[in-house]
Amino acid sequence: MIQAILVFNNHGKPRLVRFYQRFPEEIQQQIVRETFHLVLKRDDNICNFLEGGSLIGGSDYKLIYRHYATLYFVFCVDSSESELGILDLIQVFVETLDKCFENVCELDLIFHMDKVHYILQEVVMGGMVLETNMNEIVAQIEAQNRLEKSEGGLSAAPARAVSAVKNINLPEMPRSINIGDLNIKVPNLSQLV
């Protein structure tokens with residue numbers, strides 16, 4: 001089972017952190033720091049598997065990682081997972097990100113965190129691998145994008161609200177609303193929009 005997925009840059013700044021095992025926040029931060037230091041001190045021509053750090057289970061867990069440009073993709077797994085299978089899964093995840101963002105870079109992970117998490121959930125959920133076929137994952141992402149566009153997306157909601165207020169068809173706008181002892185003055189809407 002996958003215990004954690006960590007993506008950080010060459011300077012140790014976390015860009016994606018997903019734990020599938022419950023840890024307090026301060027322990028999570030220590031795990032990210034410890035994992036970064038373990039992975040950083042390894043040479044590029046050494047294999048991409050190593051024992052988990054002391055905080056995440058020691059020898060019972062393995063850190064499997066790949067280094068792409070400025071990012072390290074690290075999966076912390078227990079002994080039931082195949083190292084080569086997880087390396088392939090990392091490759092599928094990165095290629096899917098690359099296909100969805102057209103040459104993915106660190107800034108895409110920063111500014112499109114919601115989309116990155118959605119892609120990750122198509123691949124892994126609850127620590128279990130769901131899908132390894134990149135074409136299936138991309139098809140699901142494209143279907144989600146079409147759905148968001150057809151609904152207008154959340155970004156279009158303020159514009160629709162302003163348009164709805166402008167198009168209110170009242171014979172005369174009330175200047176005040178009286179409810180029992182409560183008297184509410186209604187502002188002039190033409191000044192607001």
Side-chain angles (χ1 to χ4, degrees), residues 1-23 27-142 144:
M1 184 167 163
I2 298 171
Q3 302 298 320
I5 296 173
L6 311 171
V7 178
F8 42 80
N9 67 11
N10 290 337
H11 305 291
K13 298 276 186 200
R15 297 305 182 204
L16 173 68
V17 176
R18 175 64 67 91
F19 283 91
Y20 297 104
Q21 181 179 349
R22 183 123 172 92
F23 290 107
I27 300 296
Q28 288 182 7
Q29 291 175 1
Q30 289 175 351
I31 289 171
V32 171
R33 279 193 299 272
E34 181 181 349
T35 302
F36 171 70
H37 290 297
L38 285 171
V39 170
L40 183 67
K41 67 182 178 183
R42 293 179 59 89
D43 198 16
D44 285 340
N45 59 2
I46 298 177
C47 79
N48 295 5
F49 320 131
L50 66 141
E51 257 184 29
S54 61
L55 291 172
I56 201 157
S59 62
D60 293 340
Y61 293 95
K62 294 175 236 154
L63 298 176
I64 301 168
Y65 69 95
R66 297 215 57 179
H67 185 209
Y68 296 95
T70 63
L71 295 172
Y72 286 93
F73 290 78
V74 182
F75 282 47
C76 175
V77 299
D78 62 18
S79 58
S80 68
E81 293 290 340
S82 163
E83 291 95 346
L84 294 175
I86 295 297
L87 267 180
D88 188 45
L89 186 66
I90 294 172
Q91 183 70 29
V92 167
F93 180 52
V94 172
E95 284 183 21
T96 303
L97 288 172
D98 196 50
K99 200 167 203 174
C100 291
F101 289 110
E102 299 173 8
N103 295 325
V104 68
C105 67
E106 186 175 346
L107 292 175
D108 291 322
L109 273 70
I110 295 169
F111 293 115
H112 302 286
M113 186 58 66
D114 55 337
K115 191 171 182 179
V116 173
H117 278 281
Y118 183 76
I119 293 168
L120 181 60
Q121 285 179 346
E122 288 295 318
V123 178
V124 176
M125 187 175 284
M128 303 299 289
V129 177
L130 293 179
E131 185 63 63
T132 58
N133 184 339
M134 186 176 61
N135 294 328
E136 286 293 320
I137 298 165
V138 170
Q140 291 300 319
I141 302 301
E142 288 172 351
Q144 178 68 22

How about [X] and [Y]: do any of their side-chain heavy atoms sit closer than 4.5 Å?
X      : Y      : value
Thr35  : Phe8   : yes
Asp88  : Thr132 : no
Tyr20  : Ile5   : yes
Lys99  : Asn135 : yes
Ile119 : Gln140 : no
Ile2   : Leu89  : yes
Gln121 : Arg18  : yes
Val94  : Leu71  : no

Problem - Donor + acceptor pair across side chains of His67, Asn10 (<3.5 Å) - result: yes

Exercise for the section: Ignoring hydrogens and angles, state whether a donor on the side chain of Tyr61 or Glu81 is under 3.5 Å from an acceptor on the partner side chain. Expected result: no

Exercise for the section: Just do the side chain to side chain contact (heavy atoms under 4.5 Å, CB included) check on Leu87 and Phe49 with the steps written out, would you? Expected result: CA-CA 9 Å; Leu87 267 180; Phe49 320 131; 3.4 Å; yes

Inter-residue atom distance [X].[atom1] - [Y].[atom2], 0.5 Å rounding:
X      : Y      : atom1 : atom2 : value
Ile110 : Arg15  : CD1   : CZ    : 3.5 Å
Glu122 : Asn133 : CD    : CG    : 12.0 Å
Met113 : Asp108 : CE    : CG    : 11.0 Å
Met134 : Gln91  : CE    : CD    : 9.0 Å
Phe101 : Leu109 : CZ    : CG    : 6.5 Å
Leu50  : Lys41  : CG    : NZ    : 9.0 Å

[X] side chain to [Y] backbone, donor-acceptor under 3.5 Å:
X     : Y      : answer
Asp98 : Asn103 : yes
Asn48 : Arg66  : no
Arg42 : Cys47  : yes

Completion exercise
Result for side-chain contact (heavy atoms from CB on, under 4.5 Å) between Tyr65 and one of Val7, Val74, Ile86 points to Val74

Practice task
Scan Gln28, Gln29, Gln30 and name whichever one has a side-chain contact (heavy atoms from CB on, under 4.5 Å) with Phe23.
Solution key: Gln28

Handout entry: Atom of Ser80, atom of Met1 and distance for their closest heavy-atom approach
Key = OG-N, 3.0 Å

Exercise for the section: If the plane angle is over 60° it's perpendicular, under 30° parallel, otherwise tilted; pick one for Phe73 and Phe93. Expected result: perpendicular

